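Inspection log for the structure reproduced underneath, given as structure tokens.
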2 protein chains.
Amino acid sequence: MAPVHHRKEVDESYAKEKEAAFAEFIQRKGLKTTRQRNTIVATFFRMRGHVSVEELLNEVKKANSRIGYATVYRTLHLLVESELVEERRFGDGLARYEGHSDVEHHDHMICLECGEIFEFFNPRLEALQEKLAEENDFKIFRHRLELYGACKDPEACANRKQKRQASAGN
Amino acid sequence: MAPVHHRKEVDESYAKEKEAAFAEFIQRKGLKTTRQRNTIVATFFRMRGHVSVEELLNEVKKANSRIGYATVYRTLHLLVESELVEERRFGDGLARYEGHSDVEHHDHMICLECGEIFEFFNPRLEALQEKLAEENDFKIFRHRLELYGACKDPEACANRKQKRQASAGN
DNA sequence: TGGATTGCGAAAACCGTTTTCAATATCCAC
DNA sequence: GTGGATATTGAAAACGGTTTTCGCAATCCA
Ligand SMILES: [Mn+2]
Ligand SMILES: [Mn+2]
Ligand SMILES: [Zn+2]
Ligand SMILES: [Zn+2]
């Protein structure tokens, strides 16, 4: 099985692929290749989940402690513009970023207890939205659906909560 | 027909009802009745749509120009706490508030061209969300669904856009 | 009606994000 | 390779919506 090893390889090739796509975007736009941007992008695509700017900067600083907020913000904007990354806002006042996974689009359930974010996709839901838009003579460009609530499994939820609070105190 | 007159009466009784409910909430909480809060609440429930703080303050100042932002913000928090009003955020960086209409819950379509906000409610959509939550062992407390796009009727959209830009320059 | 308690408004603080600006790095034409 | 036009960087300041502070004013119960 060796799931950890497998996972690591998958992450690496995924990250490499995204880094290459970003490099191509940079060239296509006539922008310059810089160490800082490369570091930030490489770091980002090796993180999982819905990453805040601060979380990303903390990781980035491990590779190059001189990189500051401004460059991280600027690079994230480029990543969004390149469509390699999407910005999310789950109502806690800060932007979070995620790389597109294989599932192109998905929505989110956010546990207000442990902070876990579950992703889901349902074609019927998507179709129903289209139908409702049609009825209102409306053309959808994009949508956001967020279900706020709580995990039903109290044990798993409590564990995650603990884990999160532990990692919050870096 | 006299739709305007009819509308006015409906709004008045609606506003009066909400004002009374807020007064009751204030007493229940042991807070004091003040002119400023009454003015703000009375003004709010006579406005339609999804009202920003600035829009509300502008209206409020017509009745009492000495009222400032702080009191408007504080009163809106009370209105939300009383559950007479809901806060919305449609991604333009500012909070908007709406009184509960007869339809208790609804979702939104936002035209990115003219800024119009259409409201809708669909029981199948709600049920489907519940089903998906169930499958993920998740209990929904609340949700937000926003469809961003554009009106299909270009004329109506352009008219609304013009109207909005006109009223923006107060 | 006194007086403890709340609420008020102007201004300052807050907080995540964006912009400024002087110094530095990139990279294309030579 | 090198010069030099151009883009990028990082610290710090600015921004914009919201919250908090603080001294004064209003509320309201005994
Ligand atoms: Mn996601
Ligand atoms: Mn609404
Ligand atoms: Zn949970
Ligand atoms: Zn429109």
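On a predicted model such as this, the values are computed, not experimentally measured, just so you know. So you know, we letter chains A, B, ... as the sequences are listed, proteins then strands, and number each from 1.
Checked options B/R96, B/R88, B/H108; the residue passing with B/H50 is B/H108 (criterion: side-chain hydrogen bond (donor to acceptor under 3.5 Å, both in side chains)). Partner B/R46 forms a side-chain contact (heavy atoms from CB on, under 4.5 Å) with one of B/E59, B/E19, B/K18 and no other, that one being B/E19.
Whole-Å rounding puts the A/Q27 CD to C/dC27 P distance at 8 Å. In this structure, B/E87 atom CD and D/dG17 atom P are separated by 14 Å, rounded to whole Å.
The shortest distance between the side-chain N/O atoms of A/T71 and the OP1/OP2 oxygens of D/dT8 is not below 4.0 Å. OP1 or OP2 of C/dG7 has at least one side-chain nitrogen or oxygen of B/R37 nearer than 4.0 Å. For the pair B/T33 and D/dC28, the criterion of a side-chain N or O lying under 4.0 Å from OP1 or OP2 is met. In terms of phosphate contacts, B/T34 brings a side-chain nitrogen or oxygen within less than 4.0 Å of OP1 or OP2 of C/dC8. Not one side-chain nitrogen or oxygen of A/Q36 sits closer than 4.0 Å to the OP1 or OP2 atom of D/dT8.
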Produce the list of close N/O pairs, under 3.5 Å, pairing protein atoms with atoms of nucleotides 16-20 of chain C; give distances to one decimal.
residue	atom	partner	partner atom	Å
C/dT17	OP1	A/A95	N	2.8
C/dT17	OP2	A/Y73	OH	2.5
C/dT17	O5'	A/Y73	OH	3.2
C/dT18	OP2	A/H77	NE2	2.7
C/dT20	O4	A/R74	NH1	3.4

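In this structure, A/R66 places its CZ atom where only 12 or fewer heavy-atom neighbours from other residues, nucleotides or ligands lie under 6.0 Å away.
Cluster membership check: A/F90 does not share its hydrophobic cluster with A/L145, using side-chain heavy-atom separations under 4.5 Å among Ile, Leu, Val, Met, Phe, Trp and Tyr.
Between the side chains of A/E87 and A/H77, no donor N or O sits under 3.5 Å from an acceptor N or O.
Between C/dG9, D/dT9, C/dG7, one nucleotide has an atom nearer to the side chain of B/L31 than all others, and that is C/dG7.
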Side-chain donor/acceptor pairs under 3.5 Å, residues 31-41 of chain A, sequence neighbours excluded:
residue	atom	partner	partner atom	Å
A/T34	OG1	A/R37	N	3.1
A/R37	NH2	A/K32	O	2.7
A/N38	ND2	A/T34	O	3.4
A/T39	OG1	A/R35	O	2.9

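Along DNA chain D, the nucleotide nearest to A/K32 and the one nearest to A/V72 differ in position, and the one closer to the 5' end is contacted by A/K32.
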